[in-house]
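Worksheet: the structure to be examined is printed underneath.
Chain identifiers are assigned alphabetically (A, B, ...) following the order of the sequence lines, protein sequences preceding nucleic acid strands; residue numbering begins at 1 within each chain.
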Amino acid sequence: MKTLELDKIEKAGRQPISTTGSLAVIDALLSESVTTIFGYPGGAIMPIYDSLFGFRDKLNHILVRHEQGAIHAAQGYARVSGKTGVVFATSGPGATNLVTGLADALIDSTPLVCITGQVFAHLLGTDAFQETDIINITTPITKWNYQITDATEIPEVLAKAFYIAKSGRPGPVLIDITKNAQLQLFDYIGYRPCIHVRSYRPNPIVRPEYIEQAAKLINEAKKPFVVFGQGIILGNAEKEFQSFIEKGNLPSAWTIMGMSAIPTDHPLGVGMLGMHGNYGPNFLTNECDVLIAVGMRFDDRVTGRLDKYAKQAKVIHLDIDPAEIDKNVQTAVSVWGDCKETLPLLTNLIENKSRPEWFKEFEIKKEKETTTVIEKELNPTEGGLTMGEVIQVLNELTNGDAVIVTDVGQHQMVACRYAKQNKTRSNITSGGLGTMGYALPAAIGAKLGAPEREVIAIMGDGGAQMNIQELGTIMQFQPNVKILILNNSYLGMVRQWQELFHEKRYSFTDIQSPNFVQVAKAYNIDGRQISQREELREGLKQMLDNPSSFLLEVAVLHEDNVFPMVPQGKGVAEIVLSKEEI
Amino acid sequence: MKQEFTLTVYTENQVGLLNKIAIIFSRRKISLDSFNSSPSEIENIYRFTIVIRETETVVKNIVRQLEKNVEVFKVFYNTNDEIIWQQIALYKVPTSVIMKDVKVERLLREFGARAVVIRDDYTVFETTGQDDEVDNLLKELSKYSLIEFVKSSRIAIIKSSEGVHKKVLDMEKNDPTNKPINNEFLNHKSMIFEM
């Protein structure tokens, strides 16, 4: 993209032009085809905001109400669009408010470039006003960070930031720019994207001998089982993955982060893994003979107790990040590399086998889960509303075409267990860090990242209050976001644990909420509260049909539990279907 | 089984990298027995030599976490029999005691120590070696009114390694970017705007 500054340089006969650091920042963003920025101005980033003023037509800046909202919005944006999310924040509190989002983006591999202002270079280390050592604070929670103290570094460092954020296993990058560097005039020769950093190897070279070994194991397997994660979505390898499992006729289960990489009703999809995942895939992890892990990292919520995890199976692990290989689970064959590259190579070498008995085992387990858990959750006829039936009706109304953004807790597990999703990048949630307050800002970002799609933020009454100020952002910028609050008047997941493992001592989990509908109305957002089964379909329909944002609060059962469950400290095969089994 | 491992970490020479490396250990509550940073045979590339007591499984994982760092080129880990390693130690002893006691001289010869400073009031000896050698001399000298003792961190050369020199030069060949410029404004308050 030809930017204004480049244009000037060309007019000057490709001679350097004198530019401020802050203009070079804007030029870098334009050159990287950034269109949307989430941010909040302040003293130390004012020069950049001043330069941004002249480019409001090219760069859509969303003024959030809290920097945490900015970074979660950028995460939502990045997750639905596959682009790099960009965040502006000022020094000190502005920068520290990004911390939770950075940690979230690192553990969930979300590409972000966060630009923070910093005090003048000569004031560094003097405890100046709004000075904080954000580089050292964010070192463990960024893929890379760097402090710029001289404007001449800006083009090169920002190019490196965008390259590192997006390449290999993506992650958040934070660039801290001192105010003097933003104001400084320097000879600018234009922006050049970065394509190489000498000490950084984002794409491991694929070794064909390991592909062959993996294919041999799969072909010899009687009970192969595929577990997949977000790596497929991040690698844009959905088609390659689908061809792989279809050719091999391989039962496949997703992690919460891998959800929607294949349609949730794909015939080879056997459900979700994890603590509250489906019964079959969890249980049968300990029955398979070859476990093929694709773009997932064996999180403890997926493996349960490690020394009881898939001990009988030979493990094949495909991952782009060498640090994930053998980190938690020892592999028989490790296939390093981008799965967009490795999966087709593997698909070429595997044979199609029918394996009816093996699939039958998944069916039996599914039936058992359906009769003991799912049926009661989705089709109750009496008592209060369940979270599951809300999701069920929502599925019928959206037909699985919506982007579902969830917060953290019971509603998240229920939504991910039951939501129908047809398209990739439909499941936006805080998987690794479990950040309450994620959904509302992430949904704002998701809508901006995929304006053509319906975006529904589903949250509990606890999480809804954690970043509720972002209703102000919705009021001002009007992204059409549907807000669905499943209110059980408790911090439900913690309450569930207190009930099951702490003899029902409900220590500070009964949380009072404001009248959410009135709060929304104060922000000019229409809303409705329902609590009866008869109102459910119509209420959801009203929410979806509303031409702009809408908040629907659904009062659900107060003390409902999410099952199945792999209790902490237990193996995946010890998954239980009801509290009586604990 | 836990045993002593020496990690050799080749990195870019950049501010803050020491912290980035150290926190990989502190996050996992692993204490460092020794930590040394030094230039390498290649300009602008540094090597850290780190000694920890851990199991090989943990060490392997740490090596990959270290290599994940954008500015880290390569990490090697070795057991003690795979490396040649040395430490340096300094001992400060009252000169009067040494003058009186000839045994000390013999002792120093035995341990291969040498005097680096001789003053009226004290003398400083230096020895190079591995833990045992350094510690044995310490034990002996403490009998002669030892005033002060200090030991350096370990430095090591890997027996089988051909270094990373060639590897890094290859990497450099592919690198179209220039090296970052150090900030000159840190020391020039008057040259910049004030808010």
Side-chain angles (χ1 to χ4, degrees), chain A residues 43-44 46-47 119-125 128-129 133 135-136 139-153 156-157 159-161 163-164 167-169 171 173 178-184 186 192 194-202 321-328 330, chain B residues 9-24 26-27 42 44-46 57-58 60-75 164 167-195:
Chain A
M46 274 174 61
V119 299
F120 287 89
H122 74 268
L123 293 174
L124 287 170
F129 177 67
D133 182 2
I135 292 296
N136 277 313
T139 292
I141 49 169
T142 48
K143 187 174 175 189
W144 186 62
N145 65 14
Y146 190 82
Q147 184 175 62
I148 295 174
T149 47
D150 187 312
T152 55
E153 291 181 295
E156 195 188 304
V157 170
K160 205 171 150 183
Y163 173 61
I164 290 171
S167 55
R169 178 177 178 177
V173 170
T178 57
K179 197 165 179 180
N180 59 291
Q182 299 172 38
L183 293 164
Q184 182 192 341
F186 74 112
R192 252 171 303 171
C194 174
I195 46 160
H196 175 84
V197 174
R198 67 174 189 175
S199 53
Y200 171 60
R201 290 280 163 280
D321 180 1
E324 291 302 338
I325 308 285
D326 293 341
K327 187 181 81 176
N328 296 329
Q330 290 298 310
Chain B
V9 185
Y10 285 90
T11 72
E12 290 284 5
N13 174 19
Q14 204 173 74
V15 178
L17 199 51
L18 186 120
N19 185 29
K20 286 183 186 184
I21 287 174
I23 60 175
I24 288 174
S26 58
R27 176 176 175 188
I42 310 148
N44 287 320
I45 290 184
Y46 265 58
T57 319
V58 171
K60 261 190 199 167
N61 272 323
I62 292 214
V63 164
R64 288 190 180 143
Q65 294 296 334
L66 286 165
E67 285 185 339
K68 204 166 156 172
N69 192 311
V70 169
E71 274 109 6
V72 170
F73 286 99
K74 184 77 194 147
V75 184
V164 287
K167 202 179 168 113
V168 172
L169 288 181
D170 286 347
M171 288 178 186
E172 268 183 327
K173 250 185 259 165
N174 300 325
D175 184 6
T177 57
N178 305 314
K179 62 170 188 177
I181 301 146
N182 283 330
N183 174 44
E184 57 188 272
F185 289 92
L186 279 167
N187 304 320
H188 296 284
K189 294 189 186 188
S190 54
M191 282 172 65
I192 53 171
F193 309 86
E194 294 279 357
M195 189 172 173

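- Looking at A:Ile325, the atoms closer than 4.5 Å to chain B (heavy atoms on both sides) sit in the backbone and in the side chain alike.
- Looking at A:Asp321, only its side chain comes within 4.5 Å of chain B, counting heavy atoms on both sides.
- Between B:Ile45 and A:Arg198, some side-chain heavy-atom pair lies under the 4.5 Å cut-off.
- Rounded to the nearest 0.5 angstrom, B:Lys68 NZ and A:Glu324 CD are separated by 5.5 Å.
- In this structure, CD on B:Glu12 lies 14.5 Å from OH on A:Tyr200, to the nearest 0.5 angstrom.
- Note that CG of A:Asn136 is 4.5 Å distant from CG of B:Asn19, once rounded to the nearest 0.5 Å.
- Interatomic distance, NZ of B:Lys20 versus CG of A:Asn145, reported as 4.0 Å (0.5 Å rounding).
- Nearest heavy-atom pair, A:Ala323 versus B:Asn61, reported as atom, atom and distance to 0.1 Å: O-OD1, 4.5 Å.
- Expressed to the nearest 0.5 Å, how far CD1 of B:Ile21 lies from OG1 of A:Thr139 amounts to 11.5 Å.
- Between A:Asp326 and B:Arg64 the shortest side-chain heavy-atom distance falls below 4.5 Å.
- When heavy atoms are compared at a cutoff of 4.5 Å, B:Val72 approaches chain A solely by way of its backbone atoms N, CA, C and O.
- For the pair A:Arg201 and B:Glu67, the minimum side-chain heavy-atom distance is 4.5 Å or more.
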